[in-house]
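Notes follow the structure.
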Amino acid sequence: MIYQKPKGTRDLFGFELERLETVNSIARRFFKKSGYQELKIPWVIDKRVYVLIPEGTASVWRAFIENKLSLPARFLYIGSMFRKERPQKGRYREFEQIGIELLGESQPFYDAEIIEQAKRFLEIIGAYDFFIEINSIGCPKCRSAYKNILKSYLKPHMNTICTDCQRRFGKNFLRIFDCKEETCQKIYDRAPMITDHLCLECREHYAHVKKYLGIFKVDSKENKKLVRGLDYYTRTVFEFKQKGLGAQDTIIAGGRYDLLMKELGGSDIPCLGWAMGPERMLLALPQDVPQLEDRTSIYIAVIGERYVETMLKVRDTLVKNDFICVMAAPEDSIKDQLRQANRLKVDYVILYGEDEAEKGMYAIKDMKTGEQHSIVPDQLLQFLKKS
RNA sequence: GUGAGUGUAGCUCAAUUGGCAGAGCAUUGGACUGUGGUUCCAAUGGUUGGGGGUUCAAGUCCCCUCACUCACCCCA
């Protein structure tokens with residue numbers, strides 16, 4: 001072994017890859033029909049060193065500016081993202097993400113719409129047992145006023161909260177609400193919440209978002225402790241959480257970030273979006289969801305090299321007609337060929353050798369029942385299609 | 001970065017207070033020379049993750065290291 005795969009990465013193949021790709025193609029179909037255009041963004045975000053993208057939003061913005069695209073714009077991106085944390089259940093260092101970004105829309109209608117689209121998408125895939133949490137974290141105006149209120153509430157408790165929270169207090173203020181310590185949570189339960197300290201505009205925006213969620217018939221639960229660590233988030237934040245997962249149970253997270261564009265040095269453009277971790281979601285689903293396309297598979301057993309050419313034509317016809325088709329090397333014994341066919345779990349085997357050539361027929365064997373009969377070449381496609 | 005748990009055949013796992021490294025499945029061959037899967041018989045398969053130590057003797061006990069898993073942390 002020359003080298004092993006880096007920690008937190010995986011080789012995807014077989015069923016696992018198949019269902020991930022199925023989710024991706026459903027996403028493409030669904031969101032393109034909803035007016036989104038796909039954007040393929042580079043994994044590398046630095047000229048000299050290989051710095052890998054941790055999320056898609058900033059890159060989508062960069063692409064928007066660099067390509068001088070016009071507003072309003074809806075983008076879909078699908079691909080690998082990277083994080084450096086130690087892996088655990090539902091958290092890999094290289095992981096898949098499906099995300100959408102909606103640029104240039106400030107109406108609360110759209111906050112509700114992207115939540116509804118996420119929900120419909122999950123339903124199409126066959127996900128269930130998830131719930132939606134929403135909150136509003138206001139704008140810089142109400143948030144800075146609120147931060148002072150929260151700070152003065154927390155001051156007397158500084159020695160009671162855990163060391164992690166003390167660190168968060170200085171670095172990532174609102175994130176203290178995410179703490180898993182019970183003693184900390186007891187203190188935060190009685191803390192003033194940002195949702196109750198919104199300015200008039202933010203309050204109205206939030207009320208409209210909830211109104212539209214009602215019109216869209218999307219059930220959601222308000223979680224006043226749901227926050228974001230970064231300052232460019234404004235107003236609406238939401239998460240979809242999946243039951244039956246471990247500590248990492250958020251399958252979709254998103255919100256509104258009207259200040260991001262300014263932070264990146266651009267003009268003032270509002271933006272909404274979310275990102276989904278399909279692998280994490282699939283962890284909680286039964287193996288047969290989403291439903292895979294079930295194609296009939298055929299193995300062509302050839303007995304004698306001089307029949308290869310005839311069977312190559314059959315193979316090409318089958319592939320053109322969307323069957324899965326594998327051909328055997330004529331040097332292998334018929335026993336080996338059938339054994340291979342069995343291992344590949346194919347539905348049918350076409351056998352062709354001296355006997356069949358003389359009669360001008362194909363022998364076709366149903367691998368489930370073991371039945372075998374002769375069929376004239378012209379009827380092959382018809383026979384396979386009705387099966 | 002921190003903590004806990006697990007590493008034995010290709011896979012899933014056994015192995016008593018330290019006492020001959022095993023089973024099932026898989027693989028290969030045969031029974032069966034143009035018929036897989038089922039059945040029967042046989043064979044192959046291991047520096048017990050790696051290194052060091054204690055001991056007459058280590059899969060088992062001690063130390064180090066690597067990998068995986070879960071949790072903390074982080075979460076744009």
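The sequence lines fix the lettering, A, B, ..., with proteins before strands; numbering per chain opens at 1.
- If you take CG of A:Asp11 and C1' of B:C68, they are 14 Å apart, rounded to a whole angstrom.
- Under a cutoff of 6.0 Å and an axis angle of 45°, A:Arg120 and A:Phe30 do not form a cation-pi pair.
- Nucleotides B:U69 and B:G49 place their C1' atoms 15 Å apart, quoted to the nearest Å.
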- Using a 4.0 Å cut-off on protein heavy atoms (strictly under), produce a 5'-to-3' string for nucleotides 28-42 of chain B with B for base contact, S for backbone-only sugar-phosphate contact, and - for none. SS--B-BBBS-----
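- As rounded to whole Å, 7 Å separates atom P of B:A71 from atom NZ of A:Lys89.
- When heavy atoms are screened at a 4.0 angstrom cut-off, A:Arg175 is found touching base atoms of the nucleic acid.
- Residue whose closest nucleotide on RNA chain B sits further toward the 5' end, between A:Lys5 and A:Glu85: A:Lys5.
- Both A:Arg167 and A:Arg228 lie near RNA chain B, and the one whose nearest nucleotide falls closer to the 5' end is A:Arg167.
- Neither side chain, A:Asn135 nor A:Lys225, offers a donor N or O lying under 3.5 Å from an acceptor on the other.
- Counting distance only, with no hydrogens placed and no angle test, the side-chain atoms of A:Arg91 and the base atoms of B:C73 include a donor-acceptor pair under 3.5 Å.
- Proximity of A:Lys180 to the phosphate of B:C73: a side-chain N or O atom is located under 4.0 Å from OP1 or OP2.
- For the pair A:Gln166 (side chain) and A:Met158 (backbone), a donor-acceptor distance under 3.5 Å is present.
- Side chains of A:Ile115 and A:Phe216 form no contact here, defined as non-hydrogen atoms less than 4.5 Å apart.
- Only the P atoms considered, B:U47 is 12 Å distant from B:C11, to the nearest whole Å.
- On a pure distance criterion of 3.5 Å, a polar donor-acceptor pair joins the side chain of A:Gln88 and the base of B:C73.
- No engagement by A:Gln337 is indicated, since no non-hydrogen atom pair under 4.0 Å with the nucleic acid exists.
- For B:A58 and B:A21, the P atoms lie 10 Å apart once the distance is rounded to whole Å.
- Contact annotation for A:Arg168: backbone-only contact, meaning every heavy-atom pair under 4.0 Å involves sugar-phosphate atoms and none involves a base.
- Nucleic acid contact for A:Arg280: none, since no nucleic acid atom lies under 4.0 Å from a heavy atom of the residue.
- Remark: side-chain polar atoms of A:Arg19 are paired, donor with acceptor, to backbone N or O of A:Val289 under 3.5 angstrom.
- For B:C68, neither phosphate oxygen OP1 nor OP2 lies less than 4.0 angstrom from any side-chain nitrogen or oxygen of A:Arg86.
- Rounded to an integer number of Å, the gap from CD of A:Gln248 to P of B:U69 is 14 Å.
- Judged by the 6.0 Å and 45° rule, A:Arg10 forms a cation-pi pair with A:Tyr92.
- When base pairs are accepted only as Watson-Crick or G-U wobble with both N-N or N-O distances under 3.5 Å, RNA chain B takes part in stems of 3 or more pairs at B:1-7 with B:66-72, B:10-13 with B:22-25, B:27-31 with B:39-43, B:49-53 with B:61-65.
- Judged by distance alone, with hydrogens and angles left aside, the side-chain atoms of A:Glu96 form no donor-acceptor pair with the main-chain N or O of A:Met81 at under 3.5 Å.
- B:C68 atom C1' lies 13 Å from atom CZ of A:Arg93, rounded to whole Å.
- The separation of B:C40 from B:G46, taken at their P atoms, amounts to 26 Å, rounded to a whole angstrom.
- Across B:C72 and B:A26, the matching C1' atoms stand 40 Å from one another, rounded to whole Å.
- The side-chain heavy atoms of A:Ile134 and A:Leu226, taken from C-beta on, include no pair separated by under 4.5 Å.
- Residues A:Glu133 and A:Asn223 come closest through the heavy atom pair OE1-ND2, 2.9 Å.
- Counting to the nearest Å, the P atom of B:C74 and the CD1 atom of A:Ile176 are 12 Å from each other.
- For A:Glu181 and B:C73, the CD to P distance is 8 Å, given to the nearest whole Å.
- Taking atom P on both B:C13 and B:G7, the two are 10 Å apart, rounded to the nearest angstrom.
- Neither side chain, A:Glu181 nor A:Tyr188, offers a donor N or O lying under 3.5 Å from an acceptor on the other.
- Atom P of nucleotide B:C73 and atom CD1 of A:Ile161 are separated by 13 Å, given to the nearest angstrom.
- In this structure the side chain of A:Glu18 never reaches within 4.5 angstrom of the side chain of A:Glu21, judged on heavy atoms.
- Residue A:Tyr232 is in sugar-phosphate contact alone, with no base atom involved, counting any heavy-atom pair closer than 4.0 Å across all strands shown.
- B:C70 and B:U12 have their P atoms separated by 15 Å, given to the nearest Å.
- In this structure, A:Ile251 atom CD1 and B:C75 atom C1' are separated by 16 Å, rounded to whole Å.
- Comparing the same atom, P, in B:G59 and in B:U8 gives a spacing of 15 Å after rounding to whole Å.
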